[in-house]
Structure formats: C-alpha cells, structure tokens
Protein chains: 2
Amino acid sequence: MAEATRRPFEEFPTGTVLPMATRVVTREEIISFAQEYDPQPMHLDAAAAEKTMLGGLSASGWHVCSIMMRMMCDSFLNSSTSQGSPGVDTVRWQQPVRPGDELTGETRVLDARRSQSRPTIGILKMRTTLANQRQEPVLVSEYTVMMLTRS
Amino acid sequence: MAEATRRPFEEFPTGTVLPMATRVVTREEIISFAQEYDPQPMHLDAAAAEKTMLGGLSASGWHVCSIMMRMMCDSFLNSSTSQGSPGVDTVRWQQPVRPGDELTGETRVLDARRSQSRPTIGILKMRTTLANQRQEPVLVSEYTVMMLTRS
C-alpha cells in the first residue's frame, strides 16, 4: 500500500477498538511450526502430548503469538503507517490452542502519545485478546507499536 | 528423551546460567517466516525495508522469539522436564536481526520455587539474552517455565 494512503498514528486514539480477522489453526501448521521452532512433545505428537500438562496436541505459544501477528497485519497493521515495535510488556497463554481451533480477537489502543524526541513518530500501547470458537480466551498480550504521524 | 533421564526442576536453582547453541539466520528464513506470519515491508523486501525505521531487511520480532525458543529447546529445555509456560513478562527487541547474523545467547534462572498448590511442579523465572556476531544484544526476554520436580 502506498505510504500516502496508509492510516497514520492520529487515526488510532486511546480507546480505539480494532476487530480482527478470523484464523483456523490446522494440525499440520501446529506440527510444522513446532518442528522448526519448538520441538517439544506437546507440540509435535498427539500421543506424547497426552502425557503432558497440556493434555493433548497444542500449538507452541510462540506460534500463537505469530498467528496473532498475522491477524494484526491483515486487520489493521498493514494498512497503517506502522514502523515496528520495540517490545512486548506481557504475553499470557490462557488456554491451549488445539488443531482445528478457530481464533478471533480484538485489539484495543490503551494509550496513544507522540514521541517527545521524534515528533514524526507516535507511540501506541495496545492490548490484543484472542479467543477460540468456544469464546474461551487463549492469549492476551500488551505491546508497543510505533507509527508515523500525519505528515 | 525418556522421562526418567530428563533433568528435573531441582537441577535449575536460582542463579544457574545456561549457555545456548549458536544459530545463523538466513535471508530465506526471514522472508519465509514473514510471508506466513508478519508480512510487513521491513521483513519481506530489501528495497522497501530501506525506507523504514529499521533501515534494511530484518527478521520479524516474533521470528526472533521463535528462534530463541529453538535455541532454548536445543540447549537445555528438551533435556529437562519442562511442561511449558503460562506466559512472558517482557520482550525487548534491541537491535534488528539481519540476514546472515549469527545469534548466540545465555539463559539465567532468576528465581526457582516449588508450586504451593502442586508440589510436583516447579516454577522457574528465566531471562534469555541473545546477541549477534558483533556482541550487540538483539533480544532480552523474561518468562516463566514449569518443570516437573524429582519424583
């Protein structure tokens, strides 16, 4: 998307609520991500996973964070002037994400302020909550996003 | 690894420092991860990335977290009685991770305590720091890991 048509910092004031696209998590994706980045039994193999605290095959927590990121990109970030993030304040994995789960979510702007040192940058504190098809929360995360201000 | 030979909670007392395996991050991996989970210009395309705050192609922050997870698995987690994590207290992305960067790291046990409600579970607060081949820190994260105690 051309820079001029992207939504700048000013269009995300404190209190803005952004609905997010739905995403179904497949067994193949869970196992494929785990093989590359988190090869633990609870993410790789159903029989081995049943003997763990998670009680069955479930997605790596970092996989769920990555899925959240894709949902953010598709829903509001890639049509904004986002410049990335310096970090994350908290992630809570509240329920396992199982094969076939359909995730939905929303993102709330907790705080929006202009950078003191760089007035072309706005700093957004955001909270994203994801839930499964049974309306059980599976992830909540609070983090910072930097966006360009209106030029 | 058979359950009986895994290192339990008691082998990770407060103050333990765990060195981590090295990992080289390729251009192909950066772009492949971004296409699936974080399709923003700074992670997808060198020319577009040069116009962003990151100043060039760099790995998605969640990709760096996922690489950290794999380094943890290979270095100490998969030979332990880890049962997963309820969440992350902080992630700081301190420098961009570029194609060809060689990441090293260490993990420190900040606190180790037995669960009050479930004595078969130990709760570890850990901090992992990753640096690149120029000894610049690229990521620091603090998080919780649950491990089975010695039975």
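Within every chain, numbering begins at 1; the chains are lettered A, B, ... in the order of the sequence lines, protein sequences first and strands thereafter.
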Using 0.5 Å steps for rounding, measure from the CG atom of B:Leu148 to the OG1 atom of A:Thr52.
9.5 Å
Would you name the heavy atoms of B:Arg92 and A:Asp89 that are closest together and state the gap between them?
NH2-OD1, 3.2 Å
Could you tell me which residues in [range] have at least one non-hydrogen atom under 4.5 Å from a non-hydrogen atom of chain A, sorted by residue number?
range: residues 113-141 of chain B; value: B:Arg118, B:Ile121
range: residues 40-51 of chain B; value: B:Gln40, B:Pro41, B:Met42
range: residues 93-107 of chain B; value: B:Trp93

Under 4.5 Å heavy-atom distance to chain A, tell me which part of B:Glu142 shows up: side chain, backbone, both or neither.
neither
B:Tyr143 versus chain A, heavy atoms under 4.5 Å apart: side chain, backbone, both or neither?
neither
Determine, using the 4.5 Å side-chain heavy-atom cutoff (strictly less than), whether A:Val91 and B:Leu110 are members of one ILVMFWY cluster.
no
When hydrophobic residues are tied together by side-chain contacts of less than 4.5 Å, even through go-betweens, does B:Ile31 share a cluster with B:Phe33?
yes
Max heavy-atom pairs within cutoff under 4.5 Å with chain A, candidates B:Thr144, B:Val88, B:Thr90, B:Leu77, goes to B:Val88
Residue-level contacts of residues 54-75 of chain A with chain B, using a heavy-atom cutoff under 4.5 Å
A:Trp62, A:His63, A:Cys65, A:Ser66, A:Ile67, A:Met68, A:Met69, A:Arg70, A:Cys73
Under 4.5 Å heavy-atom distance to chain B, tell me which part of A:Pro39 shows up: side chain, backbone, both or neither.
both
